[in-house]
Amino acid sequence: MAGTAFEELCMLCETLAKTPSRNAKIELAARFLSKLNSPSEVSDAVRLIIGEASKDFTLNLGYSHLLKALTNITGVGEKGFLAEFGETGDLGETVRRLLEKGRRGVQQALVFRRPTIGEVAGVLREIAEISGKGAMAKKLRILESYLKRLTPLEAKYFTKNLVGEIRHGFGEGLMEEALASAFQASPEAVRNAHMVVGSLGRVGEILKEQGAGSLQSFTVKPLTPIRPMLAEPAQTLREALEEHHGRTLLEYKLDGARVQIHKHHSQIKIFSRRLTEVTKSLPEIVELAETFRGEDFVVDGEVVAVDQSGRVMPFQEVMKRYRRIIGVEEALSRIPTRIFLFDIVYLNGEPLLKKPLTERRQLLEKVAPYEFLTPQVEASNLEEAEAFFEEALKAGCEGVMAKRPSSPYSPGRRGKHWLKIKRQPEVLDLVIVAAQYGYGYRYRWLSDYYLAALNGGGGGGRPETLPDYIEALHGWRFRVVGKTFKGLTNAEIEALTERLKGLALETVGRTVIVRPEIVVEVGFSNIQPSPQYSCGYALRFARILRIRDDKKPEEADSLDRVKQLASKKLEG
DNA sequence: ACTGATGCGTC
DNA sequence: GTCGGAC
DNA sequence: GTCCGACGACGCATCAGT
């Protein structure tokens, strides 16, 4: 049977982008999916529609290579490219327009038979599989020749899949619904299968091949990762207690990396939050898991870096271990890690997803020694909760988790069963020294802001990076400590854009350097040592709390204050 | 053998 | 990871 | 309540260029 044209999928996506109603989107996608010919076509289509393809296999092609390829095809330089990009803020749309202008793309495309969905997915897969010496050149050659044979519309969605920005408001959540509708399955069954299988494309394939009934058999099993359960943010402990009807289980929220440890007979595998395998990076955790009781299990936890005395180290430290595959042995002794387990979802042949948390915790305690469990208490009033929260902060945590005692383990879902309560953000008053035009729906606005502290002296070398250049232009009176795009409403961003344009000093690419006049109150979770900013510090999770029109730039916080806060944290 | 650019995955 | 906004 | 899109800093791996 002939495959379905990729062009049809592109037209669906165009329609999805124009359709605001979620139900209508689901209906459109479902109708499309149910028309497809084969399991593999459903799989490919699902991936290409929601941009799962670029996540499923790593292409190692991004903005720069795309620009190179496009320049080779159409002769447009970076300037022309940026000019066109500035019109829409969308890479895929930019490619479409440039090809249309060039005409060459169109005419070439007419020579060829229209590619099918399967062929397009195949090309992406082919690009992903290239590695080794000369890989980038090879990837570029394929990209170029393929862009040439595509129509502008096809090239638009090919590009979107390449860079992983589909931007039609139709993501995983709605695709689950669409698959359910297309193949007469219940959304819960599809969701459940997705949690266990990890890839929606694969779920679609199974649905087409074996029908809705086959989804029932999907459940957690060792050595196959499942999506980890997630938590929803909550502001206060009081809120958490109320949500959980006056009784909640509190746990340390450690600042590390999520791990899922599987044991099957003697084999151990460790998976990350996004289900990539990190077993090789954490040999000491593997060794430890071998000593746990139980033939088969799947446990969930957080791995953190610790110092020689066992104190929890900052997040950056654990990242030096987490995905390392070169020099693991050397790093092993330099940066020891420690595991804190908080859940178990499978034990000796039995899935535990539906069992209440309290029961799972009891089983976990039988599998792993106490010292490897995340500290947990039951709190039934605010005093108990607050005491535990303080204790958690003293131990170097970001805050606590509050979990409903009766809750099941819902893989991949974020809900009120698990709440995370972080400590209050720290606050600084900083100056906006430059701003960058946004992407997607924010492309017309200066939506991303360079934040700077007053300089007490220092700096003044030769500018090497854009932040350096900004600082130099301001006579090194300010030092950039981070960037943020968060915290303002669209209306505020729009208004701020106008103000900033009025303060413009110089434009570099999509960045506008401005007179340092606007002071903003910035909330953040942490100050980290920065290899990127020449002042040596950077804010983590910065967001604007409010614009401080009552403050002059001279009244902003100083870099010295930043340093003080950073060192206080280390002692804390 | 080393460095810088680029991409990806962690939070 | 956080945030605002749309459904 | 749920989903989506817009983007932050950082560390590691890989590849290209020298």
Side-chain angles (χ1 to χ4, degrees), chain A residues 19-26 50-51 54-55 58-66 68 89 130-139 163-177 230-233 254-259 272-276 278 281 302-303 314-328 331 335 398 413-416 420 422 425 436 438-443 445 447-451 464 481-493 522-533 537-545:
Chain A
T19 309
S21 156
R22 283 187 195 163
N23 290 335
K25 281 181 202 267
I26 291 165
I50 63 172
S54 67
K55 286 172 196 114
T58 46
L59 297 160
N60 281 308
L61 281 182
Y63 168 83
S64 315
H65 297 104
L66 183 67
K68 240 181 242 168
I130 301 168
S131 69
K133 211 170 147 75
M136 297 318 290
K138 224 189 242 175
K139 284 177 191 236
V163 294
E165 310 167 341
I166 315 293
R167 215 139 39 194
H168 48 21
F170 188 81
E172 282 192 348
L174 301 188
M175 182 55 96
E176 283 172 356
E177 302 276 339
L230 305 171
E232 195 153 292
L254 289 140
D255 194 6
R258 193 82 177 260
V259 283
S272 76
R273 162 113 180 233
R274 284 186 173 74
L275 314 188
T276 59
V278 291
S281 304
E302 191 90 354
V303 59
F315 174 72
Q316 273 164 302
E317 293 301 308
V318 77
M319 291 319 288
K320 292 175 186 166
R321 290 289 319 277
Y322 195 55
R323 293 172 58 227
R324 178 182 288 278
I325 50 177
I326 297 168
V328 174
I335 309 161
E398 302 177 276
R413 313 297 319 164
R414 201 182 286 280
K416 298 259 190 236
K420 53 179 160 190
K422 290 199 169 187
Q436 220 165 38
Y439 296 80
Y441 76 88
R442 304 222 273 200
Y443 73 99
W445 299 328
S447 60
D448 204 358
Y449 312 105
Y450 283 89
L451 307 167
E464 284 175 17
V481 291
K483 242 172 120 194
T484 187
F485 61 96
K486 288 195 286 259
L488 299 180
T489 64
N490 286 342
E492 288 170 323
I493 295 172
V522 177
F524 56 94
S525 73
N526 244 328
I527 297 172
Q528 2 178 28
S530 171
Q532 176 184 192
Y533 292 115
Y537 298 93
L539 307 185
R540 186 161 173 224
F541 306 144
R543 66 270 193 188
I544 294 176
L545 300 177

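Every chain is numbered from 1 and lettered A, B, ... according to where its sequence line falls, protein lines coming before strand lines. What's counted below: heavy atoms across the whole structure, side chains too, no hydrogens, waters or symmetry copies.
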Trainee: Return yes if some donor-acceptor pair links the side-chain N/O of A:K483 with the main-chain N/O of A:A542 below 3.5 Å, else return no.
Mentor: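 No.
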
Trainee: Rounded to the Å, how far apart are A:H168 NE2 and D:dG5 P?
Mentor: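 Roughly 7 Å, once rounded to whole Å.
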
Trainee: Name the nucleic acid region contacted by A:P20, choosing base, sugar-phosphate or nothing; use a 4.0 angstrom heavy-atom cut-off, strictly under.
Mentor: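 The residue A:P20 makes sugar-phosphate contact but no base contact.
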
Trainee: Looking across every strand, which nucleic acid part, if any, lies under 4.0 Å from A:R413 by heavy atom: base, sugar-phosphate, or nothing?
Mentor: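 Answer is sugar-phosphate: A:R413 comes under 4.0 Å of backbone atoms only.
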
Trainee: On the side chain of A:R22, is there an atom forming a donor-acceptor pair with the base of D:dT2 - under 3.5 Å, no angle test?
Mentor: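 Indeed, a donor on one side and an acceptor on the other fall under 3.5 Å apart.
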
Trainee: Which listed nucleotide (D:dC3, D:dG11, D:dG8) is nearest to the side chain of A:Q436?
Mentor: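 Selected nucleotide (nearest to the side chain): D:dG8.
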
Trainee: Choosing from B:dT10, D:dC10, C:dT2, which nucleotide comes nearest the side chain of A:F541?
Mentor: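 The nucleotide sitting nearest to the side chain is C:dT2.
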
Trainee: Remember a base hit wins even if backbone is also touched, and classify A:R167 as base, sugar-phosphate or nothing at under 4.0 Å, heavy atoms.
Mentor: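 Sugar-phosphate contact only - A:R167 comes under 4.0 Å of backbone atoms but never of a base.
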
Trainee: Looking at A:S21, is its backbone amide N or carbonyl O close enough to the side chain of A:T19 to form a donor-acceptor pair, meaning the two atoms are under 3.5 Å apart?
Mentor: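 Checked: no pair found.
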
Trainee: Which nucleotide sits closest to the side chain of A:Y533: B:dC11, D:dA9, D:dC15?
Mentor: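 When the side chain of A:Y533 is considered, D:dA9 is the closest of B:dC11, D:dA9, D:dC15.
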
Trainee: Taking any heavy-atom pair under 4.0 Å as a contact, classify A:K25: base, sugar-phosphate, or nothing.
Mentor: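 Nothing: the residue A:K25, judged by heavy atoms under 4.0 Å, touches no strand.
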
Trainee: Run the salt bridge (Lys or Arg N to Asp or Glu O under 4.0 Å) test against A:E302 and tell me which residues pass, sequence neighbours left out.
Mentor: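 Counting only residues at least two positions away or on another chain, A:E302 forms no salt bridge (Lys or Arg N to Asp or Glu O under 4.0 Å).
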
Trainee: From the list B:dC8, D:dC7, D:dA13, which nucleotide is the closest neighbour of the side chain of A:I326?
Mentor: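 Looking only at side-chain atoms, A:I326 lies closest to D:dA13.
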
Trainee: Taking the side chain of A:R324 as heavy atoms from C-beta outward, which of D:dC15, D:dA13, B:dG9 is closest to it?
Mentor: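 Given the options D:dC15, D:dA13, B:dG9, the side chain of A:R324 is closest to D:dA13.
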
Trainee: State which residue, out of A:R414, A:K416, A:K420, fulfils the side chain to side chain donor-acceptor pair (under 3.5 Å) condition with A:E232.
Mentor: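 Passing option: A:K416.
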
Trainee: Think A:T484 has a side-chain N or O under 4.0 angstrom from the OP1 or OP2 of D:dC7?
Mentor: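 False: A:T484 side-chain N/O out of range (4.0 Å or more) of D:dC7 OP1/OP2.
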
Trainee: Please report the closest heavy-atom contact between A:Y439 and A:R167, naming both atoms and the distance.
Mentor: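 Minimum heavy-atom separation between A:Y439 and A:R167: CB-NH1, 4.0 Å.
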
Trainee: Quick one: does any side-chain atom of A:S447 pair with a main-chain N or O of A:F485 as donor and acceptor, under 3.5 Å?
Mentor: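 Judged by distance alone, no pair lies under 3.5 Å.
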
Trainee: Counting side-chain heavy atoms from CB outward, which of B:dC11, C:dT2, C:dG5 is closest to A:K420?
Mentor: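 Nearest to the side-chain atoms of A:K420, counting from C-beta on, is C:dT2.
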
Trainee: Respond yes when some side-chain nitrogen or oxygen of A:Q316 is under 4.0 Å from OP1 or OP2 of D:dG11, and no when none is.
Mentor: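 Affirmative; the distance criterion is met.
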
Trainee: In terms of side-chain heavy atoms of A:K416, which of D:dG1, B:dG7, D:dC10 is nearest?
Mentor: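 Closest nucleotide among those given: D:dG1.
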
Trainee: Could you measure between the two C1' atoms, the one in B:dC11 and the one in D:dC7, and give it in whole Å?
Mentor: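 Going atom to atom, C1' in each nucleotide, I get 14 Å.
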
Trainee: In whole angstrom, what separates A:F485's CZ from C:dG5's P?
Mentor: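 The distance from CZ of A:F485 to P of C:dG5 comes to 13 Å, rounded to the nearest Å.
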
Trainee: Counting any heavy atom closer than 4.0 Å, what does A:G132 reach on the DNA or RNA strands: base, sugar-phosphate only, or nothing?
Mentor: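 Result for A:G132 = sugar-phosphate.
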
Trainee: Whole-Å distance between B:dC8 P and A:H65 NE2?
Mentor: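 So the two atoms are 10 Å apart, to the nearest Å.
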
Trainee: Given D:dA9, B:dG9, D:dT14, identify the nucleotide with an atom nearest to the side chain of A:S530.
Mentor: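 The nucleotide sitting nearest to the side chain is D:dA9.
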
Trainee: Using a 4.0 Å heavy-atom cut-off across all strands, classify A:K422 as base, sugar-phosphate, or nothing.
Mentor: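 If one applies the 4.0 Å heavy-atom cut-off, A:K422 turns out to touch the sugar-phosphate alone, with no base involved.
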
Trainee: Using whole Å, what does the distance between atom C1' of nucleotide D:dC3 and atom OH of A:Y441 come to?
Mentor: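 Rounding to the nearest Å, OH of A:Y441 and C1' of D:dC3 are 13 Å apart.
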
Trainee: Just checking A:R274: base, sugar-phosphate only, or nothing, at a heavy-atom cut-off of under 4.0 Å?
Mentor: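 Counting heavy atoms under 4.0 Å across all strands, the contact made by A:R274 includes a base.
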
Trainee: Does the cation-pi check pass for A:R540 over A:F315, that is, NZ or CZ under 6.0 Å from the six-membered ring centre and within 45° of its axis?
Mentor: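 Relative to the ring axis of A:F315, which defines the angle, A:R540 lies inside both limits.
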
Trainee: When all nucleic acid strands are considered with a 4.0 Å heavy-atom cut-off, which category describes A:P425: base, sugar-phosphate, or nothing?
Mentor: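 A:P425: no heavy atom of the nucleic acid under 4.0 Å.
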
Trainee: Base, sugar-phosphate alone, or nothing: which one does A:E165 contact when heavy atoms must sit under 4.0 Å apart?
Mentor: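 It contacts nothing in the nucleic acid.
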
Trainee: Can you tell me if A:S64 touches the phosphate of B:dT6, counting only side-chain N or O atoms and a distance under 4.0 Å to OP1 or OP2?
Mentor: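 Answer is yes, contact under 4.0 Å.
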
Trainee: Figure out the NZ/C1' separation between A:K139 and B:dC8, and round it to whole Å.
Mentor: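 About 12 Å, once rounded to whole Å.
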
Trainee: Considering only D:dC7, B:dC8, D:dT14, which nucleotide approaches the side chain of A:L59 most closely?
Mentor: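 Looking only at heavy atoms from C-beta outward on A:L59, the closest nucleotide is B:dC8.
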
Trainee: From D:dG5, B:dT10, D:dG8, pick the nucleotide closest to the side chain of A:K483?
Mentor: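 Among the listed nucleotides, the one closest to the side chain of A:K483 is D:dG8.
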
Trainee: Whole angstrom is fine here: how far is it from CG in A:N23 over to P in C:dA6?
Mentor: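 A:N23 atom CG is separated from C:dA6 atom P by 18 Å.
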
Trainee: Whether A:S525 contacts D:dA9 is assessed here as follows: a side-chain N or O lying under 4.0 Å from the phosphate OP1 or OP2. Is that the case?
Mentor: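 Negative; the distance criterion is not met.
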
Trainee: Mind checking A:A542 for me? I need base, sugar-phosphate or nothing, with any heavy atom below 4.0 Å counting as a touch.
Mentor: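 Here A:A542 touches no strand at all.
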
Trainee: Send over the distance from A:L230 CG to C:dT2 C1', rounded to a whole Å.
Mentor: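 Spelled out: CG on A:L230 to C1' on C:dT2 is 14 Å.
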
Trainee: Rounded to whole angstrom units, what separation is found between the CG atom of A:D255 and the P atom of D:dC10?
Mentor: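 Those two atoms, CG and P, are 14 Å apart.
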
Trainee: Under a 4.0 Å threshold between the charged nitrogen and the carboxylate oxygen, would A:R22 count as salt-bridged to A:E176?
Mentor: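 No, A:E176 and A:R22 are not salt-bridged.
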
Trainee: Which residue lies toward the 5' end of DNA chain C, A:A231 or A:T489, if each is placed at its nearest nucleotide?
Mentor: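 Here A:A231 is the residue nearer the 5' end.
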
